[in-house]
Amino acid sequence: MPELAALAEVVRSGFTESVHYGSAVGLDPSGRAEVALGQVDAPVLPRSSAKPFQALACLTTGAALDGPRLAIAAGSHTGEDFHVRLTGELLADYGLGFDALACPASWPEDEATRDELIRRGEGPTRERMNCSGKHAAMLAASVANDWDTASYLAPGHQLQLAVRAATEELSGEKTAHVAVDGCGAPLFGLSLTGLARAVQGLVLAAPGSAPRQVADAMRAHPEYVGGTGHQNTELMRALPGAVAKGGAEGVLVVALGSGHSVAVKVIDGSPRATTVIALDVLRRMGCDVSAAAAFESVAVLGGGVPVGRIVTAGRTRP
């Protein structure tokens, strides 16, 4: 098996302070691996990068999802008030409340929202958790099919079997490992190449088809995929037609409207360089990502001012 690749470097004052190792794969629109760095055929846990496939399963099993509702089902929202409001409306349409959510209570990722909750004397709640939109969609699909809502996170539940089938169909692979995600939902492992193939399948699907509906909702409503200032949200705004979805432990998928797709896994689990790496892979494939130049490096601060950058491995030192 190939060795892990050096993917990004943290350069402070001209000194390489840290190196992020991992794997990254870039597929051309035909599905051929045009760029392969590290162990691209080894299994990974996709974490929240799998949410678009989970949303697809909810849609195809009968949940009434479109527009922002489909985007938040495929997203990791930042817990802002408009995210919570939409999640509550979706649940209410199926006769449910926030108490039906089985995800853990959490503070919102949006700092301004969190600070306001603290000022109001409120604490972490399930609806503020970044996966609550996905969980609401899973509950909606369960109600639509008269499936048990108390056990909707069990790997053998009808909804989770549909998620597994959708993931396997899009990726062209059988599940490599079954795990439990941070939100409590089943997680189906697949290779990094399979992950890139799966997100590619969303953007290349026929207009109007269920997979294409997921991609179109994410692209039309990126604020529900992430939130204010969220990197996935801002990257999709910078690259119209792109789908971007990150996951915990250093995972990211990006697919352009052209069908070029990238999947990244940083082995130390840090997400700070994943967008930098993904854009570099797209550039290596000849894709024009100049509109996202602001995301091609990350500032390293010293005393509150930039003294270096996080850049792809091998780039000229800042």
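For the residue pair D268/S270, the side-chain donor-acceptor check at 3.5 Å is not satisfied. S76 and K134 form no side-chain donor-acceptor contact under 3.5 Å, judged by distance and modelled atom types alone. Side-chain contact, S191 with D41: no donor N or O sits under 3.5 Å from an acceptor N or O.
The side chain to side chain contact (heavy atoms under 4.5 Å, CB included) search around A248 returns R47, not counting sequence neighbours. With sequence neighbours excluded, no residue forms a side chain to side chain contact (heavy atoms under 4.5 Å, CB included) with V180.
Atom CG of L204 sits about 8.0 Å away from atom OG of S258, to the nearest 0.5 Å. Interatomic distance, L195 CG to F53 CZ, rounded to the nearest 0.5 Å: 5.5 Å. Interatomic distance, D148 CG to D146 CG, rounded to the nearest 0.5 Å: 9.5 Å. Summarising the geometry, atom NE2 belonging to H230 is positioned 9.0 Å from atom CE belonging to M236; distances are rounded to the nearest 0.5 Å. Here CG of L45 is found 5.0 Å from CG of L187. Values are rounded to the nearest 0.5 Å. Atom CZ of residue R69 and atom CG of residue L90 lie 5.0 Å apart, to the nearest 0.5 angstrom.
L190 and L56 fall within the same hydrophobic cluster, where Ile, Leu, Val, Met, Phe, Trp and Tyr residues are linked whenever their side-chain heavy atoms come under 4.5 Å apart, directly or through other members. Clustering ILVMFWY residues whenever any of their side-chain heavy atoms sit less than 4.5 angstrom apart, transitively, puts L279 in the very cluster that holds L252. Linking Ile, Leu, Val, Met, Phe, Trp and Tyr residues whenever their side-chain heavy atoms come within less than 4.5 Å places M285 and V254 in a single cluster. Transitive grouping of hydrophobic side chains (ILVMFWY, heavy atoms separated by less than 4.5 Å) keeps V289 and V276 in distinct clusters. Placement of V251 and L202 within a single hydrophobic cluster is found when ILVMFWY residues are connected by side-chain heavy-atom separations under 4.5 Å, directly or transitively.
No more than 12 heavy atoms of other residues, nucleotides or ligands sit less than 6.0 Å from atom CD of E169. At most 12 non-hydrogen atoms from other residues, nucleotides or ligands lie less than 6.0 angstrom from CD of E111.
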query: Checking salt bridge (charged side-chain N to carboxylate O under 4.0 Å, His left out) for the pair D115/R120: CA distance, chi angles, key distance, verdict?
result: CA-CA 9 Å; D115 292 347; R120 298 201 308 243; over 6 Å; no
- prompt: L159 and C58: side-chain contact (heavy atoms from CB on, under 4.5 Å), yes or no, with the steps?
  reply: CA-CA 7 Å; L159 188 276; C58 294; 4.3 Å; yes
query: Would H135 and M129 count as a side-chain contact (heavy atoms from CB on, under 4.5 Å) if you check the C-alpha gap in whole Å, the side-chain angles of each, and the deciding distance to 0.1 Å?
result: CA-CA 10 Å; H135 281 250; M129 202 262 177; 5.7 Å; no
task: Would you sort out whether R272 and S18 count as a side-chain contact (heavy atoms from CB on, under 4.5 Å), showing the intermediate values?
output: CA-CA 12 Å; R272 62 179 175 174; S18 304; 4.2 Å; yes
task: Start with the C-alpha gap between M218 and V214, add the side-chain angles, then the distance that decides, and say whether side-chain contact (heavy atoms from CB on, under 4.5 Å) holds.
output: CA-CA 6 Å; M218 294 174 71; V214 174; 4.0 Å; yes
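Scanning both residues, A196 and V25, for their nearest heavy atoms gives CB-CG1, 3.9 Å. Considering every non-hydrogen atom in both H260 and C287, the closest pair reads CG-SG, 3.4 Å. Looking at every heavy atom in both residues, A73 comes nearest to L65 through CB-CD1, 4.3 Å. Contact record, R309 with A299: NH1-CB, 3.1 Å, taken as the closest heavy-atom pair. Closest approach of Q200 to G31, counting heavy atoms only: OE1-CA, 3.7 Å. A pairwise comparison of heavy atoms in G38 and A5 identifies N-CB, 3.8 Å as the closest pair.
Using modelled atom types, no side-chain atom of R212 and backbone atom of A206 make a donor-acceptor pair closer than 3.5 Å. Looking at K265, its side chain does come within 3.5 Å of a backbone N or O of E249 through a donor-acceptor pair. Side-chain N or O atoms of R197 include one that pairs as donor or acceptor with a backbone N or O of S171 at under 3.5 Å. In this structure, the side chain of H157 does not engage the main chain of W147 through any donor-acceptor pair within 3.5 Å. No donor-acceptor pair under 3.5 Å is formed between the side chain of R237 and the backbone N or O of R219. Between the E17 side chain and the V11 main chain, no donor and acceptor come within less than 3.5 Å of each other. Between the side chain of D181 and the backbone N or O of G184 there is no donor-acceptor pair closer than 3.5 Å. Remark: side-chain polar atoms of R128 are not paired, donor with acceptor, to backbone N or O of W107 under 3.5 angstrom. A donor-acceptor pair under 3.5 Å is absent between the side-chain atoms of E168 and the main chain of K174, judged by distance alone. S23 contributes a side-chain N or O that, together with a main-chain N or O of Q39, makes up a donor-acceptor pair within less than 3.5 Å.
Counting heavy atoms from C-beta on, the side chains of H77 and S132 come closer than 4.5 Å. At a threshold of 4.5 Å between non-hydrogen side-chain atoms, the residues L139 and L101 count as touching. At a threshold of 4.5 Å between non-hydrogen side-chain atoms, the residues H20 and V10 count as touching. At least one side-chain heavy atom of F188 sits under 4.5 Å from a side-chain heavy atom of T175. Residues M138 and L153 form a side-chain contact, since some pair of their non-hydrogen atoms from C-beta on lies under 4.5 Å apart. Taking the side chain as every heavy atom from C-beta outward, T61 and Q158 never approach each other to under 4.5 Å. Looking only at side-chain heavy atoms (C-beta outward), L37 and R284 come within less than 4.5 Å of each other. In this structure the side chain of P222 never reaches within 4.5 angstrom of the side chain of N232, judged on heavy atoms.
In summary, the aromatic rings of H83 and Y224 are positioned with their centroids under 6.0 Å apart.
No option in L282, T274, L256 other than L282 meets the side chain to side chain contact (heavy atoms under 4.5 Å, CB included) test with V262.
Clustering of Ile, Leu, Val, Met, Phe, Trp and Tyr by side-chain heavy atoms under 4.5 Å joins I267 with L4, V19, Y21.
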